[in-house]
Structures are given as structure tokens and as C-alpha cells.
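Worksheet for the structure shown next.
Residue numbers start from 1 in every chain, and the chains themselves are labelled A, B, ... in the order their sequence lines are given, proteins ahead of strands. Hydrogens, waters and symmetry mates are skipped; everything else that's a heavy atom, side chains included, is used.
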Amino acid sequence: MQKVANVVIIGGGIIGCSVAYELAIRGVKDIVVIEKQFLSSGATGRCGAGVRQQWGTETNAILARDSVKRFEGMNEELEYDRDIEFKQGGYLMVSYTQGEWNQYKKNVAVQHSLGIPTKMITPQEAQEIVPHLNINGLVGATFCQTDGHANPFHVVDAYYKAASRLGVKFETYTTVTGIKKENGKVTAVQTTKGDIDTPIVINACGYAAGTICKMAGFELPLYPQRHQALVTEPVEPCQGPMVISLHHRLYCQQTPHGSFIMGVGDPHEPKDFNINSSWEFLEDVARQATTVLPLLKNLRVVRQWSGLYDMSPDANPILDEIPEAKGMWVAAGFSGHGFMVGPQTAVLLAQKILGQESFMPIARFGLDRFRRGELLLEPAVV
Amino acid sequence: MQTKETIVCRCEDITLDEIKSLISQGYRTIDEIKRVIRAGMGPCQGRTCRMLIAQELAKAYGIPVGDVLMPTFRAPVKPVKLGTFAGGE
């Protein structure tokens, strides 16, 4: 492994690989990506594969809106030899309570102010989009056609290949064991394959970002939380959009492959690194999914898995340089939606690190907001 | 062997040729191959292809099959209807 680099990126998921590409395409040489296992082995490869712009905070909505544009042209832009399987079947956010519906109205106002084409629709209109939707007790729904799905493994693979062609080195099955610093500045990353001297480190480790920050003497306000998912056998296309019911804590989408991916959030899930699958989840998600989408009761489950959300205090990402270790940047805290905002988060970070003009103010994602108590509380997380 | 016609993953129609090609491109484990071309993601969950891919990796890297990293074995063992989990059947 090389001993010196201009930038070391820790984490081989969507953020690490896309940042590597965005820096390399802007002319940065000698970039190394360190990954403990293999690319997309962490949260990216375990996510629900959804891409939505229907957020309640401007920050999340802008990153998602602009990332959708990138997904649309990604196969060509990254000259990918496979297909990222971007399908814009929309997201249908269904609301079964008045309180939730009032919140959805506020979210849609934010989305409209940013040019996101979300529509507020009646239960009958929702059923026209998803014929097997249970509209008993449904108050209303919001629908955005340009939301959708992309294959996380292929997106990461596409960034990896494009970055490799630009000279980025990827060191997989390599663990970071320490961060060296001098006079408050980062100087090297220590790994199981040796040390790499570098003036810039990008901590893109998702739920493990806190562990890496601790090595640099900084306590990151972030905690891991398990979320579980399952996938069914593939069937003929019958559901265009991802269906989200926050009331049922459910998301459920048919992928281009034909299988359905779904998950439920568990409000009692402890803050913990536990990543085992549970029997309770299968019962819970099956009940919620067959309540909202009764037809799915006939689908067979082939596999369940779990992954970890990297929860920040306000469910918005943290993109900032660590005050205790200058040169070390954190890109974490995506709180379960890092995959869909990855492409533009990478651009924002690359622009900031290189001192270029950024397409949106990065300061809004700064660590300062927690000290000031000015949280960007995101209301639309499953 | 006719590697283009030899199916390794029967659920997802993946040939030996495709597996060998990925190994030569540097994909180092069953997990990595699975994520790129879906080998082992079908209804049988890799019961057929897992060991066949392990053999190919062992040959390519000159290591015993036992040293090839196994992917996580995930529930359910057999496909089960959502309705059954929901308690309706």
C-alpha cells in the first residue's frame, strides 16, 4: 500500500466512493479509499434503495432533488458497463391521520418552493396509482413521479470504476486503527496495512464515523441504530412507486428486478451496533405491509437482513471539518437516507475542500448547529 | 468446459463465464460477486452456487475452499409468504 496520499477517504460506501470520484474529476491526485470489508458492505448495500425528494427540510430536499438529476444521467456520466437501474416510478407517501396530513402539507410547501413536482392527491387518485392500496381511513397522499429507485451496489460499483480510471486507489479489507495529528492538524491514517501520511482525511464511515472521530479526539454527536429489511421473490411489475406510510412506519417498493423490498422502523430500537436479524421484525413488517398493501400477503419472503442508520440529532447530515483535527472532514449522520443524497453531497464536499464555489451553503450542515441548538429537524424519516 | 453455457446460479441464470470474468476483474469474495450480478440472491439463496463460486475463488487465489469467506446465511431457510408471517394463514 502507498505511504503518502493527498487525500485518504475512510469508508467504501456511496459517500466514500462518490467523494473519491468528485475529487479525482476535479484534478486531485493520489487519493486512497480505505474500506474495512468490501465496497458497499455497510449501510449503502443494506439500504432500501429508494430515492426520494419528498423531504420536510430544505437541506435534505435540495440534496435529494439535485441528486435525482445525477442519477438520471449516471450510466452515461460514469460510463458504467452495467446499469444503475434507476427507475422513476415515484414515491407515494400515504397519510392515515389528520396530524400526519397537516405535516405532509408543510413538507409539500417546502418541496414546491424548491421546484420539486410533488402532487397532493385524494385517496381515490392514490388508488389509481397503486390499485392494491388499502384506502380505508386514508386521509390523503402526496406523489412525486420523479422519485424512485436505484441499485445501490451498482451505483457504488459505477463510482468505484470511474474513480479507479482517474487513478484513485481502493484498499479493501483494510481497517483504520488510528489517526495521527500534530498541532491540531491531521497528519496520517494508521491502518492494518501500514500508515499513510496525508493532510486530508474524509471520514465517510456512516455509523462508524464516531469511532474514527474518537481516534482524533473528537466526540461526534451521532449514534447507530439498526433497521431491518426484507426482499421477496420477483413477480411481474405491479407497483410503480415506493409506498411510504409513516403511520405504519413502513416503506415498500417493487424493484426493476421484480422483487419487493420493504422495511419498518422500530420506535423501540436501542442505540446500538447490533446488526442481527430478528423474527419479531418479520411479523411486524408483514402485518404492516399486508395492512397497507393487502395483495402482498401472497408474496414469498426470500431473505431478510439489517443495517445501521447513522443517526444525527436532527436526521440531517453532518458535513464539517473537525475543530480538534484540522484537515479531517466528517460526512456522516445521514440518518437512513445517505444513498439518495450521496451524489450531490459528494459534490458539495469536494467543492468545499478544494475551496471552490459550492452549489449550496455547506455551513448549514455544520457541527455548529448542535452547539447553537439550531437543529434542522427532519420530520419525514421512516 | 463450456463456460458460457454452464449455469452456476440457477435462480438468476448466472454462467461460469460471468463468475470467472468478475474474479479476473478483481472481485474477491462471494459477497462481492453476489452484489454485482445477483448470484445467490434468488429463491434458493445460494444453496447451489455458493460452493461453486467458492471453488472458483479458491482456484483463482490458490487457497483451500475452506478459506474462502462465506456470505452471511440469512433467514428464512425457505421462501415463506408474507401472509404467513402476518399470522393470517
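Per-residue heavy-atom pair counts under 4.5 Å with chain A were compared for Glu32(B), Lys78(B), Arg35(B), Arg74(B), and the maximum is reached by Arg35(B). Here Arg287(A) is the residue among Arg287(A), Met262(A), Gln288(A) with the most heavy-atom pairs under 4.5 Å with chain B.
In terms of modelled atom types and a separation under 3.5 Å, the side chain of Arg303(A) and the main chain of Met41(B) share a donor-acceptor contact.
Crowding of Arg249(A) atom CZ: a count of heavy atoms from other residues, nucleotides or ligands under 6.0 Å exceeding 12.
The closest side-chain heavy-atom distance from Arg82(A) to Ile37(B) is below 4.5 Å. Leu82(B) places a side-chain heavy atom less than 4.5 Å from the side chain of Leu230(A).
A pairwise comparison of heavy atoms in Pro76(B) and Val301(A) identifies CG-O, 3.5 Å as the closest pair. Heavy-atom minimum distance, Ala286(A) versus Ala86(B): CB-N, 3.6 Å.
Note that OG1 of Thr29(B) is 5.5 Å distant from CZ of Phe38(A), once rounded to the nearest 0.5 Å.
For Gln304(A), the parts sitting under 4.5 Å from any heavy atom of chain B are the backbone and the side chain alike.
Residues of residues 66-73 of chain B that come within less than 4.5 angstrom of chain A, heavy atom to heavy atom, are Leu69(B) in numerical order. Using a 4.5 Å cut-off between non-hydrogen atoms, the part of residues 156-169 of chain A that approaches chain B consists of Asp157(A), Tyr160(A), Lys161(A). Within residues 6-28 of chain B, the residues having any heavy atom closer than 4.5 Å to a heavy atom of chain A are Glu12(B), Leu22(B), Gln25(B), Tyr27(B), Arg28(B), listed by residue number. Proximity to chain A among residues 43-56 of chain B is limited to Pro43(B), Gln45(B), judged by heavy-atom separations below 4.5 angstrom.
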